[in-house]
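The first residue of the sequence shown is numbered 1, and numbering continues consecutively from there.
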Amino acid sequence: MSVKHFQVEGNAHISEEDAVRASGIRSGTPLAQVKLRDAAAGVVALPWVKSATASRGWPSTIKLTVIENDAVAFFSQENGAHLLDADGREFAVDVPPENAVELTGAAGTDEAVRKGAVDIAGALSDQGRENVEAIEARGKHDYVLHVKEGRTVTWGASEDNRNKSLALDTVLHREGAEFNITNPQLVTVR
């Protein structure tokens, strides 16, 4: 009973071949001798992978189950787009997915400012993510969202983000070019 087949699940951004190669398991290895923990650790080393498990499927299959990182935001530098998860952890330099929000301004250079911008991006609803083109970080307590059609939304500090996200969803349906939701209970428009 040796390894003849590989089954990879949960992969969207990494190929099955890359996952198998990273596992270090070769076809023909006796199934009982495969070190599953080492195989999973090899797969986790891939940039897009958040966690992975490896298991045996008797008589001849290795199953690799992958959970990939979710890119909520990214910032651009000369070497490409740096993808960030909801915790603000950079996990890859790659093409950003459609639902990731671009971070501009001080978010590219200041880690504390970047974390605040990521918290905002993570709080956005699906509707908000679809409409926000970029989050401009002007400082630790000053964030501005650039939305479609050239409109701007002053967010203020990265706090009370859930309520501000609800306010953003409301203003997206209103007329106006400039909105201020720093106090989500008192939205202003110009």
[X] side, atom [atom1]; [Y] side, atom [atom2] - distance, nearest 0.5 Å:
X	Y	atom1	atom2	value
Glu133	Lys148	CD	NZ	7.0 Å
Asn69	Asp85	CG	CG	5.5 Å
Thr65	Gln7	OG1	CD	7.5 Å

With a cutoff of under 4.5 Å between side-chain heavy atoms, which Ile, Leu, Val, Met, Phe, Trp and Tyr residues group with Met1?
->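 Taking Ile, Leu, Val, Met, Phe, Trp and Tyr as members, Met1 shares its hydrophobic cluster with Val3, Phe6, Val8, Ile14, Val20, Ile25, Leu31, Val34, Leu36, Val43, Val44, Leu46, Trp48, Val49, Trp58, Ile62, Leu64, Val66, Phe74, Leu83, Phe91.
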Linked hydrophobic residues, Val101 as query - side chain contacts closer than 4.5 Å =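 Val72, Phe75, Leu84, Leu103, Val113, Val118, Ile120, Leu124, Val132, Ile135, Tyr143, Leu145, Val147, Val153, Trp155, Leu168, Val171, Leu172, Phe179, Ile181, Val187, Val189, all in the cluster of Val101.
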[X] to [Y] - nearest heavy-atom pair and separation:
X	Y	result
Ala73	Ala121	CB-CB, 4.1 Å
Gly28	Ser2	O-CB, 3.5 Å
Ala40	Ala52	CB-O, 3.5 Å
Ala100	Ala71	CB-O, 3.5 Å
Ala123	Ser165	O-OG, 3.0 Å
Ala81	Pro96	CB-CD, 3.7 Å

Please indicate whether Asn79 has more than 12 foreign heavy atoms, meaning atoms of other residues, nucleotides or ligands, lying under 6.0 Å from its CG.
->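 Enclosed: over 12 neighbouring heavy atoms sit under 6.0 Å from CG of Asn79.
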Taking only residues two or more places apart in sequence, or in another chain, which ones meet Arg190 in a salt bridge (charged side-chain N to carboxylate O under 4.0 Å, His left out)?
->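 Result, salt bridge (charged side-chain N to carboxylate O under 4.0 Å, His left out) vs Arg190: Glu178.
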Could you tell me which residues satisfy side chain to side chain contact (heavy atoms under 4.5 Å, CB included) with Gln185, sequence neighbours excluded, listed by chain and number?
->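 Partners of Gln185 by the side chain to side chain contact (heavy atoms under 4.5 Å, CB included) criterion, ordered by chain and then number, come out as Asn163, Asn183.
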All pairs passing salt bridge (charged side-chain N to carboxylate O under 4.0 Å, His left out) where [range] contributes a residue, at least two apart:
range	result
residues 15-26	Asp18-Arg21
residues 107-123	Lys115-Asp119
residues 60-69	Glu9-Lys63
residues 154-169	none

Can you list the residues that meet the side chain to side chain donor-acceptor pair (under 3.5 Å) rule with [X], with sequence neighbours excluded?
X	value
Ser23	none
Gln77	His82
Thr53	none
His5	none

Would a distance-only check, ignoring hydrogens and angles, find a side-chain to backbone donor-acceptor pair under 3.5 Å from Ser60 to Lys4?
->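 Such a contact is absent between Ser60 side chain and Lys4 backbone.
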